Amino acid sequence: MEAGLINAELVLPTHFSFKRIQIYEKYPKGQPRGRWKHLKQILQAENYQNFPTDEPNYVNIESPPSMHPPLRICDITGFEAPYHDPRTNLRYANTDVFKLVRSLPNEHVQRYLALRNAAVTLK
């Protein structure tokens, strides 16, 4: 008995589970990349002008003040600042920034405080 040749096609998956999917394979051209919508897109989709004013939507939503204390941010670096300089009233994150804060001229200190809406006249 002769063994006949069998024509078989090799079927491979589109990607292997161990292979990282490239961004262009995951999101073909023209498809949105994320699942998040911007507020402007949500407002356009909802057509919020036609809603009654007493129903809550993204434009007229009101919330009470936060119960958590405000996060203190370093005025120089933008990191979380556990310290503040009593002389200049600037917040700082570490000792290197503290040295820089102490070396700043008074007018620069006033500008940093004005950015935070905490501008005061220093003695």
Side-chain angles (χ1 to χ4, degrees):
M1 189 156 123
E2 287 184 25
L5 292 175
I6 301 174
N7 289 335
E9 225 178 274
L10 185 61
V11 179
L12 294 175
T14 57
H15 68 278
F16 297 105
S17 60
F18 59 85
K19 180 184 172 192
R20 296 185 70 188
I21 300 173
Q22 298 295 324
I23 193 79
Y24 58 85
E25 293 173 352
K26 190 173 181 183
Y27 301 107
K29 194 171 188 177
Q31 288 188 356
R33 291 190 177 211
R35 60 186 169 122
W36 301 105
K37 290 183 179 179
H38 297 287
L39 179 62
K40 191 174 185 180
Q41 293 170 335
I42 294 170
L43 294 176
Q44 287 175 349
E46 285 191 358
N47 198 7
Y48 71 93
Q49 290 94 356
N50 298 335
F51 284 140
T53 56
D54 58 339
E55 286 186 20
N57 57 29
Y58 286 101
V59 175
N60 66 3
I61 193 165
E62 294 180 12
S63 63
S66 175
M67 298 301 288
H68 299 288
L71 190 62
R72 297 179 185 270
I73 304 295
C74 175
D75 291 315
I76 309 296
T77 62
F79 294 128
E80 190 171 349
Y83 316 108
H84 81 279
D85 182 20
R87 184 185 300 168
T88 60
N89 206 17
L90 286 176
R91 297 178 184 148
Y92 60 94
N94 55 30
T95 56
D96 297 331
V97 178
F98 177 70
K99 291 175 187 175
L100 177 72
V101 165
R102 285 294 173 107
S103 67
L104 287 174
N106 192 16
E107 56 195 44
H108 291 297
V109 170
Q110 290 298 320
R111 288 181 187 166
Y112 277 115
L113 290 173
L115 287 174
R116 191 170 30 117
N117 292 331
V120 294
T121 309
L122 296 177
K123 298 177 184 177

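Bear in mind that the values here come from a model prediction, so they are computed numbers and not experimental data. Values below: every heavy atom of this structure, side chains too, minus hydrogens, waters and symmetry copies.
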Step by step, work out the side-chain contact (heavy atoms from CB on, under 4.5 Å) result for I73 and R91. CA-CA 7 Å; I73 304 295; R91 297 178 184 148; 5.7 Å; no
Starting from the C-alpha separation in whole Å, work towards a yes-or-no answer on side-chain contact (heavy atoms from CB on, under 4.5 Å) for L115 and D75. CA-CA 9 Å; L115 287 174; D75 291 315; over 6 Å; no
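Contact between A93 and C74 at its shortest, heavy atoms only, is N-SG, 3.7 Å.
Under the rule for a side chain to side chain contact (heavy atoms under 4.5 Å, CB included), the partners of F98 that lie at least two apart in sequence or sit in another chain are D85, Y92, R102. Applying the side-chain hydrogen bond (donor to acceptor under 3.5 Å, both in side chains) rule to R111 yields no partners; only residues at least two apart in sequence or on another chain are considered.
Within the 4.5 Å cutoff, the side chain of L104 has heavy atoms near those of the L90 side chain.
If you take CG on D96 and CD1 on I76, they are separated by 12.5 Å, rounding to the nearest 0.5 Å. One distance of note links OG1 of T88 with NE2 of H108; it measures 13.5 Å at 0.5 Å rounding.
Hydrophobic clustering, with ILVMFWY side chains joined whenever heavy atoms are under 4.5 angstrom apart, keeps Y83 apart from F79.
For CZ of R72, the number of neighbouring non-hydrogen atoms (other residues, nucleotides, ligands) closer than 6.0 Å is 12 at most.
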